[in-house]
Amino acid sequence: MPPWGNAARRPLRDEVAIVTGASSGIGAATARELGRRGATVVLAARRANELELQARAVRAAGAEAMAIPTDMADASQVSALVERTIAEFGRIDVLVNNAGAAWRRPFATSAPDELTGVIAVNLLGAMLLTRAALPGMLARRQGAIISVGSLSGRVAMEPLYSASKYGLRGFSLALRRQLTGSGVSVSLVSPGNINTAMTRDVAARMPEPDIVAAEIARLVTHPRREVVIPRRHYSIAWLEQVLPGVADLAHERRRWSPVQ
């Protein structure tokens, strides 16, 4: 029996959710978590084989799932993702903007097409997907949009990556205000280092992606403006906002590694 017991107790029963970046890490964990809670899950990412494996895992747990290979940097593929989801399931109730690309190369040696590529995946792709899914949500006066930002969207760490995540944070917070009273909620999850492929070079103990997935699932039914995970990182975000000069010194002395 699924962990939620009988279907009547599954809080996302019959909801249709799109999760991007779902071939591994936080996205894959989120797809499984939403499926466990009763949602029909559409998994999107570039890596088709890995994506289908994750969709099978969701189906094996008792939920309906479909894999749609999608490059979030390609606007036509983003539109096709929404169109195919609606054609197959009739609507989109939950959108999880999780797809992201890390970047650690010095800004001065990064090629222009590399800069635009990271922005396209981390920011523009999320904006385009949200724009495509939003009219249906507004028409039904129901929906949840959850974007996965980063502590790097609150604490300046790496120029390109932080720029993309600061942008995603600003987009999410402003969209939330614009949609007040519409029936569509907008929330932001800002993780620090999580144990994923993106942080494979970080020499520290890190939480598993499931901690973020569980928070994302909670935000569908209990929306909040923003959640920082792990919660101890709120102190780092506070320091950056209130005492930026001290944060500069801390960054220089401790040589913080970029975080997800």
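Note that these values count all heavy atoms, side chains included, but never hydrogens, waters or copies made by symmetry.
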Trainee: Do Val82 and Leu124 share a hydrophobic cluster (ILVMFWY, side-chain heavy atoms under 4.5 Å, transitive)?
Mentor: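 Result: yes, single cluster for both.
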
Trainee: Would you say Ser147's side chain and Leu188's backbone share a donor-acceptor pair under 3.5 angstrom?
Mentor: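 Judged by distance alone, no pair lies under 3.5 Å.
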
Trainee: Quick one: OG1 on Thr30 to CD1 on Ile216, what's the gap to the nearest 0.5 Å?
Mentor: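 One finds 3.5 Å between OG1 of Thr30 and CD1 of Ile216.
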
Trainee: Look at atom CZ of Arg59 and say whether more than 12 heavy atoms of other residues, nucleotides or ligands are closer to it than 6.0 Å.
Mentor: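 Yes, enclosed.
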
Trainee: Test your reading of the model: is there a side-chain donor-acceptor pair from Ser162 to the backbone of Ser152, 3.5 Å cut-off?
Mentor: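 Yes: the side chain of Ser162 pairs with the backbone of Ser152.
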
Trainee: What do the steps show when you test Arg46 against Met72 for side chain to side chain contact (heavy atoms under 4.5 Å, CB included), and what is the final call?
Mentor: CA-CA 8 Å; Arg46 289 180 296 181; Met72 294 301 296; over 6 Å; no

Trainee: What distance do Ile18 atom CD1 and Ile68 atom CD1 have between them, rounded to the nearest 0.5 Å?
Mentor: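 That separation rounds to 7.0 Å.
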
Trainee: Report the distance from atom OG of Ser110 to atom CG of Leu160, rounding to the nearest 0.5 Å.
Mentor: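 Answer rounded to 0.5 Å: 6.5 Å.
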
Trainee: Indicate the atoms forming the closest heavy-atom contact of Ala99 with Thr20, along with that distance.
Mentor: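 Scanning both residues, the minimum pair turns out to be N-OG1, 2.9 Å.
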
Trainee: Could you list all the salt bridge (charged side-chain N to carboxylate O under 4.0 Å, His left out) pairs where at least one residue sits in residues 87-100, not counting sequence neighbours?
Mentor: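 Those involving residues 87-100 are Arg91-Asp93, Asp93-Arg140.
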
Trainee: What's the verdict on side chain to side chain contact (heavy atoms under 4.5 Å, CB included) for Ser190 and Leu151, showing C-alpha distance, side-chain angles and the deciding distance?
Mentor: CA-CA 5 Å; Ser190 295; Leu151 187 60; 5.6 Å; no

Trainee: Mind checking what makes side-chain contact (heavy atoms from CB on, under 4.5 Å) contact with Thr130, not counting sequence neighbours?
Mentor: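 side-chain contact (heavy atoms from CB on, under 4.5 Å) check on Thr130 returns Leu95, Asn97, Ile145, Phe171, Leu175.
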
Trainee: Sequence neighbours left out, what pairs pass salt bridge (charged side-chain N to carboxylate O under 4.0 Å, His left out) with at least one residue falling in residues 212-223?
Mentor: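 Passing the test, one end in residues 212-223: Glu215-Arg218, Glu215-Arg231.
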
Trainee: Regarding Arg37 and Glu15, does a basic nitrogen lie under 4.0 Å from an acidic carboxylate oxygen?
Mentor: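 Salt bridge between Arg37 and Glu15, a charged N being under 4.0 Å from a carboxylate O: no.
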
Trainee: Can you tell me how far CG of Asn49 sits from CG of Leu53, rounded to the nearest 0.5 angstrom?
Mentor: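 Rounded to the nearest 0.5 Å, the CG-CG separation comes out at 7.0 Å.
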
Trainee: Who pairs with Asp74 by side-chain hydrogen bond (donor to acceptor under 3.5 Å, both in side chains), at least two apart in sequence or on another chain?
Mentor: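 Asp74: side-chain hydrogen bond (donor to acceptor under 3.5 Å, both in side chains) contacts with Ser76, Gln77.
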
Trainee: Pick out which of Val212, Asn98, Val228 makes a side chain to side chain contact (heavy atoms under 4.5 Å, CB included) with Val189.
Mentor: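 Single side chain to side chain contact (heavy atoms under 4.5 Å, CB included) partner of Val189 among Val212, Asn98, Val228: Val212.
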
Trainee: Please enumerate all residues that pass salt bridge (charged side-chain N to carboxylate O under 4.0 Å, His left out) together with Arg105, with sequence neighbours excluded.
Mentor: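 Arg105 satisfies salt bridge (charged side-chain N to carboxylate O under 4.0 Å, His left out) with Glu114 only.
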
Trainee: Answer yes or no: is there a donor N or O on one side and an acceptor on the other, between the side chain of Lys165 and the main chain of Val155, under 3.5 Å?
Mentor: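 Between the backbone of Val155 and the side chain of Lys165 there is no qualifying donor-acceptor contact (under 3.5 Å).
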
Trainee: Give, for atom CE of Met137 and atom CG of Leu179, the distance between the pair rounded to the nearest 0.5 Å.
Mentor: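 With rounding to 0.5 Å, CE (Met137) is 10.0 Å from CG (Leu179).
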
Trainee: Run the side-chain hydrogen bond (donor to acceptor under 3.5 Å, both in side chains) test against Ser185 and tell me which residues pass, sequence neighbours left out.
Mentor: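 Partners of Ser185 by the side-chain hydrogen bond (donor to acceptor under 3.5 Å, both in side chains) criterion come out as none, since no residue qualifies.
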
Trainee: Got a sec, which residues hit salt bridge (charged side-chain N to carboxylate O under 4.0 Å, His left out) with Asp71, two or more places apart in sequence or on another chain?
Mentor: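 Per chain and number, Asp71 pairs via salt bridge (charged side-chain N to carboxylate O under 4.0 Å, His left out) with no residue.
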
Trainee: Who are the salt bridge (charged side-chain N to carboxylate O under 4.0 Å, His left out) partners of Arg56, not counting sequence neighbours?
Mentor: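 Applying salt bridge (charged side-chain N to carboxylate O under 4.0 Å, His left out) to Arg56 gives Glu52.
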
Trainee: By side-chain hydrogen bond (donor to acceptor under 3.5 Å, both in side chains), which residues pair with Thr70, not counting sequence neighbours?
Mentor: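 If we apply the side-chain hydrogen bond (donor to acceptor under 3.5 Å, both in side chains) test to Thr70, skipping adjacent residues, there are no hits.
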
Trainee: Quick one: side-chain hydrogen bond (donor to acceptor under 3.5 Å, both in side chains) partners of Arg84, sequence neighbours excluded?
Mentor: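 Partners of Arg84 by the side-chain hydrogen bond (donor to acceptor under 3.5 Å, both in side chains) criterion come out as none, since no residue qualifies.
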
Trainee: Run the side chain to side chain contact (heavy atoms under 4.5 Å, CB included) check on Leu12 and Val220 step by step: do they pass?
Mentor: CA-CA 8 Å; Leu12 300 183; Val220 175; 3.5 Å; yes

Trainee: Would you give the length of the straight line joining atom OG of Ser24 to atom CD of Glu50, rounded to the nearest 0.5 angstrom?
Mentor: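 Those atoms lie 8.0 Å apart.
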
Trainee: Got a sec, which residues hit side-chain contact (heavy atoms from CB on, under 4.5 Å) with Leu173, two or more places apart in sequence or on another chain?
Mentor: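 Arg169, Arg225.
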
Trainee: Look only at the side chain of Tyr166 and the backbone of Arg154, and say whether a donor-acceptor pair between them is shorter than 3.5 Å.
Mentor: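 Flag set: sc Tyr166 to bb Arg154 pair under 3.5 Å.
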
Trainee: With sequence neighbours left out, write down each residue that passes salt bridge (charged side-chain N to carboxylate O under 4.0 Å, His left out) with Glu64, or none if nothing qualifies.
Mentor: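 Once residues adjacent in sequence are excluded, Glu64 has no partner under the salt bridge (charged side-chain N to carboxylate O under 4.0 Å, His left out) criterion.
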
